[in-house]
Structures are given as C-alpha cells and as structure tokens.
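Here is the structure we will look at.
Here is the naming used below: chain letters follow the sequence lines, and residue numbers restart at 1 for every chain.
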There are 2 protein chains.
Amino acid sequence: MGSTDVLGDLKTLDVFRDLSVCGQQMLECGMQLNYFDELKTIINKGNSVSGAYVVVRGRLRVYSISPSGNEATLYFINPGEVCILALNCIFNNLQYPAWVQTEPDTCVGMIPSLTYRTLFQNEPSIQNLTVHALSVLVFRLMEELEEIHSMNLNARLAKFILMRGAIDGQLRMTQSELAAHLGTTREVIAKLLRKMVAEKSVKTLRGSIVIEKLDVLAKQAGQGLLT
Amino acid sequence: MGSTDVLGDLKTLDVFRDLSVCGQQMLECGMQLNYFDELKTIINKGNSVSGAYVVVRGRLRVYSISPSGNEATLYFINPGEVCILALNCIFNNLQYPAWVQTEPDTCVGMIPSLTYRTLFQNEPSIQNLTVHALSVLVFRLMEELEEIHSMNLNARLAKFILMRGAIDGQLRMTQSELAAHLGTTREVIAKLLRKMVAEKSVKTLRGSIVIEKLDVLAKQAGQGLLT
DNA sequence: GGGCTTCTGTAGCAAAAGCTACATTGAGGA
DNA sequence: TCCTCAATGTAGCTTTTGCTACAGAAGCCC
C-alpha cells in the first residue's frame with residue numbers, strides 16, 4: 001500500500017544529489033528505510049536518539065505538548081530534509097526535546113549515529129548538508145516565533161489554510177488536528193472557521209476545509225495584529 | 001569608558017580556545033572590534049550583513065517588531081557566541097530577518113564575510129564552532145516556542161526575573177524593556193508585577209526589580225498553564 | 001438497522017491579555 | 001529651584017482566547 005519504489009524516490013532527492021556518497025551508498029552504510037502508512041509517533045520527548053533521520057517521502061511533524069495536554073507544532077520536516085535535532089542529539093548525546101510524528105504515507109531513512117558521525121567527519125558534502133539543514137531550521141523557527149508574536153489566531157489560521165491547502169484548494173485535516181498545529185483548542189478553531197464560513201471565504205466539510213475566496217484569506221493572513 | 005582590555009577578554013573566550021587560529025589571528029585576518037557603551041541597534045531587519053559577529057563582552061539581543069510596533073526578544077547572544085544568523089546570511093546572501101541590539105558595555109568582533117567563509121572551508125575547528133552555535137540556537141528557539149505555548153505571561157515573567165536577576169537578587173531593567181523582551185506591553189507587566197508586589201515576592205524600584213521570595217517566583221515559573 | 005465513535009456546530013462563561021487614559025513619582029538638566 | 005521627561009501606578013474597558021457542556025451529523029463495524 002504505497003511502499004512502492006522508495007529507492008527510486010531516494011535517488012532523486014536533493015539531499016543525495018549533493019552528496020558524494022549517494023543514496024545507494026548511504027544504504028550500504030547501514031541506512032534503514034522505514035515506511036509508515038498512518039500517523040505514528042516515532043520519537044517521544046526524552047527518548048534517546050538512535051540515529052539520524054532523513055525524510056524520503058511524506059512529512060514529519062515535530063511538536064511539543066503542554067502540561068495541560070495541548071499539542072503545538074514546532075515545525076515540519078519535508079522530503080529531502082534531515083531531522084537536524086536528532087543529529088544534534090547524536091553529536092551531544094542529548095535526549096530529544098520534543099515529539100515527532102509521521103504523516104500518513106511517509107518514508108524515513110534512519111542512519112545509525114556512528115555512521116553519520118563518521119560521514120560528517122570525512123565528507124565535506126555531509127558537513128554542508130548539516131549546516132544547511134540547521135540554517136533552514138533556524139529560519140523556520142524564527143519565522144514561527146515572529147508569527148506568534150505579531151499575528152492573532154485568525155491570521156495564523158488563514159495563513160495555515162492557505163499554505164497547506166492552496167494547491168488543490170482544499171485542506172484535508174480535521175479541526176482537532178488544525179488546533180494541534182496552531183497550539184490552541186478545537187472550539188476556538190471552530191469559532192474562527194464559523195466566521196470564515198459566514199463571510200463565505202471557506203466551506204467546512206467533515207475532515208476538510210475548502211477554500212472559496214483565496215483573496216479574502218490572503219488579506220486576513222496578512223493583517224496580523226492590526227485591527 | 002570601559003573599552004579596557006578587550007584583547008585580554010578575547011583570548012579567554014571559549015570560542016577561541018577551540019580554534020587553531022586564536023583570537024590574535026582572527027584579528028590579523030581582519031576582525032574589527034567594536035565597543036558600545038549603550039543600547040544601540042546594529043542591524044535592522046532587511047539589512048545586508050557585512051560579516052560574522054562574535055560577542056566578546058556584554059550581550060546582543062535579537063528581536064522582532066510586530067506591525068503594531070511591539071518588540072519581542074527572540075534570543076540573546078552571550079559572550080563567546082557567534083551570531084549564527086549573520087553567518088547564515090553570509091553563506092546564502094540573505095538579508096537579516098530581525099533586529100539586533102547591543103546591551104550597554106558590549107564589545108563585538110566583526111569578521112568580514114569573505115574571511116569567515118575562507119576560515120570555514122579550511123578550519124575544521126571553525127566548522128565545529130559553526131555547527132555547535134547553530135545547534136545551541138535551535139535548542140534556544142525551540143525552548144522559547146515551547147514556553148510561549150505552555151506558559152502564561154505570569155509564569156514567563158517570573159522565569160525571566162529569576163533567570164536574569166537571581167545572581168545578584170536584582171533585575172536592572174525598566175518595565176518597558178521587560179515588556180519588549182516578553183513580547184507584551186508595559187501595562188500588562190505592571191499589572192502582573194503589582195500582584196507579585198502584593199504577595200511580597202518582589203519589590204519594584206525605579207529601573208529595577210528586587211527579588212524578595214525566590215521560592216515563590218520559582219513556583220510560579222514552574223506552574224505554566226496549570227491553574 | 002443498531003450501536004459506537006469521531007467529527008462538527010453552538011452557546012455561554014471565565015480568564016488572559018491588550019488598549020486608552022491619566023495621575024504620580026523620581027532623576028537630571030537648565 | 002523649577003522644569004521636563006522618563007518611569008511607574010492605576011483604573012476601566014474591549015478583545016481574544018480558553019474551558020465546559022451538550023447536541024447533531026457522518027462514518028464505521030457488527
């Protein structure tokens with residue numbers, strides 16, 4: 001059910017194009033490929049990390065859970081990206097500081113810690129990959145922080161719907177999931193969506209949201225705190 | 001006025017202990033030392049970055065400004081640390097995505113972009129320094145994000161006062177500055193402090209806050225959203 | 001069909017945080 | 001000393017967000 005030609009996927013990834021050791025060699029070095037067809041938590045906060053993670057297909061979601069049980073997405077790891085946090089844990093023998101979950105139809109390569117450390121020391125391309133991945137993550141986190149400080153929930157919701165749903169005009173996600181991404185609760189999302197539905201900028205279905213007026217959403221997403 | 005023995009400071013820094021090219025050589029490579037005795041904005045959002053920044057003494061504050069004009073501190077750069085964001089901009093020819101401000105009595109070394117890139121390519125120690133600085137930053141940002149999601153303002157304020165004032169029992173900072181750090185407004189800070197003063201856990205003076213009951217603050221800082 | 005679960009819609013209240021406005025106080029300079 | 005400005009104290013109101021509770025609807029399995 002979807003496991004298909006993973007090695008094919010692998011070889012076309014940017015990560016590996018950049019490497020002198022290509023995907024095949026990574027596999028020879030001991031990288032294991034794991035396929036997940038549904039949401040599954042693969043790292044819990046406090047876990048020791050056994051290796052580096054490379055997303056081959058699908059997406060990983062890194063999130064935190066507050067003491068009261070609410071989830072909040074910190075960032076996503078897209079195909080071709082390395083879970084740099086895991087790398088950091090490897091290099092510094094730290095425990096992983098958050099939770100990681102697979103999206104449905106996700107394939108992740110796992111490279112044993114020792115292998116990655118060896119590669120890092122010997123391969124300039126791996127060094128560059130690492131620095132680049134870290135840089136991207138820093139930018140992503142800073143953007144997220146800035147967003148939280150300067151946009152209200154309505155604007156963040158509008159932006160999220162646009163970013164994740166604009167391609168096919170539909171965001172396939174339940175309201176609970178949406179709430180978990182934005183670090184709030186379902187009722188609040190429902191309330192905000194109600195307003196959007198009233199102004200006909202979106203339509204809500206069971207398990208998905210259909211974008212009706214892209215421009216209105218875009219305007220809301222750009223508004224931020226300015227009322 | 002305080003410029004004193006900057007090179008002395010420099011040689012004792014962890015950053016440079018780690019380098020085969022020591023502070024002296026960095027200076028020979030073209031690093032310029034700049035001293036600031038007061039708050040000064042040294043990078044504006046959107047600026048092109050002319051070099052790498054190393055904090056020798058004092059502290060840099062990286063912050064964002066919302067459309068409505070409110071500041072929010074993203075993170076601090078302490079002595080011995082590199083402004084990795086600037087590095088990233090150097091490597092990728094990006095514009096700086098935030099504002100940077102010196103604290104009073106701060107000395108910053110600036111290494112021209114080209115010099116740093118050369119050092120990075122040839123010196124393994126500089127590569128390690130870079131990766132390490134990035135890792136630290138990622139952890140710091142993730143911690144900040146998690147804090148915002150899981151702690152209310154009161155808890156964050158208590159934590160901030162503890163973290164920055166516990167050493168000498170006093171936090172020398174105006175309430176406006178505090179508000180800018182936590183991404184809120186002065187009135188809100190005043191309101192929260194009033195409660196703390198009422199329960200005698202702190203005392204407020206002009207330009208500073210004196211810690212009275214460390215344990216009470218610590219309890220509040222640990223409480224998070226659980227009411 | 002019947003029972004169960006999950007998802008959604010809605011209401012109402014409580015708490016948190018933001019905004020406006022103004023009084024008071026302290027420090028420093030003319 | 002007086003003036004000015006920055007910092008603080010306070011009040012009251014609005015908006016936003018969170019929390020509780022429940023009802024209806026859609027999908028799924030037996």
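Under the ring pair (Phe, Tyr, Trp, His ring centres under 6.0 Å) criterion, no residue pair touches residues 201-220 of chain B, with sequence neighbours excluded. Residues in residues 175-203 of chain A take part in these ring pair (Phe, Tyr, Trp, His ring centres under 6.0 Å) pairs, two or more places apart or across chains: A:Phe76-A:His181, A:Phe160-A:His181. Residue pairs meeting the salt bridge (charged side-chain N to carboxylate O under 4.0 Å, His left out) criterion with at least one partner in residues 184-205 of chain A, sequence neighbours excluded, do not occur; the list is empty. Sorted by first and then second residue, the salt bridge (charged side-chain N to carboxylate O under 4.0 Å, His left out) pairs involving residues 159-182 of chain B (not counting sequence neighbours) are B:Glu103-B:Arg164, B:Glu143-B:Lys159, B:Glu147-B:Lys159, B:Asp168-B:Arg172.
Position along DNA chain D of the nearest nucleotide to A:Leu153 versus B:Ala190 favours B:Ala190 as the more 5'-ward residue.
B:Met151 places its CE atom 16 Å from the C1' atom of C:dA17, with the value rounded to the nearest Å. Following rounding to the nearest Å, B:Leu157 (CG) and C:dA17 (P) show an atom-to-atom distance of 11 Å. Per the geometry, CG belonging to A:Asn70 stands 8 Å off P belonging to D:dG18, to the nearest Å. Rounding to whole angstrom units, CG of residue A:Asn152 and C1' of C:dA16 are separated by 15 Å.
Side chains of A:Gln170 and A:Ser208: a donor on one and an acceptor on the other come within 3.5 Å.
A:Ile161 pairs in a side chain to side chain contact (heavy atoms under 4.5 Å, CB included) with only one of the listed residues (A:Arg156, A:Met196, A:Gln220), which is A:Met196.
Contact check of residues 191-210 of chain B against DNA chain D (heavy atom, cut-off under 4.0 Å) returns B:Lys191, B:Arg194, B:Thr204, B:Leu205, B:Arg206, B:Gly207. Non-hydrogen atoms lying under 4.0 Å from DNA chain D are contributed by A:Thr184, A:Thr185, A:Glu187, A:Val188, all within residues 161-189 of chain A.
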Inset, instruction - Could you walk me through whether A:Glu81 and A:Arg59 pass salt bridge (charged side-chain N to carboxylate O under 4.0 Å, His left out), step by step? - result: CA-CA 9 Å; A:Glu81 295 180 344; A:Arg59 177 154 41 195; over 6 Å; no

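Residues B:Ser66 and A:Ser150 come closest through the heavy atom pair CB-CB, 3.4 Å.
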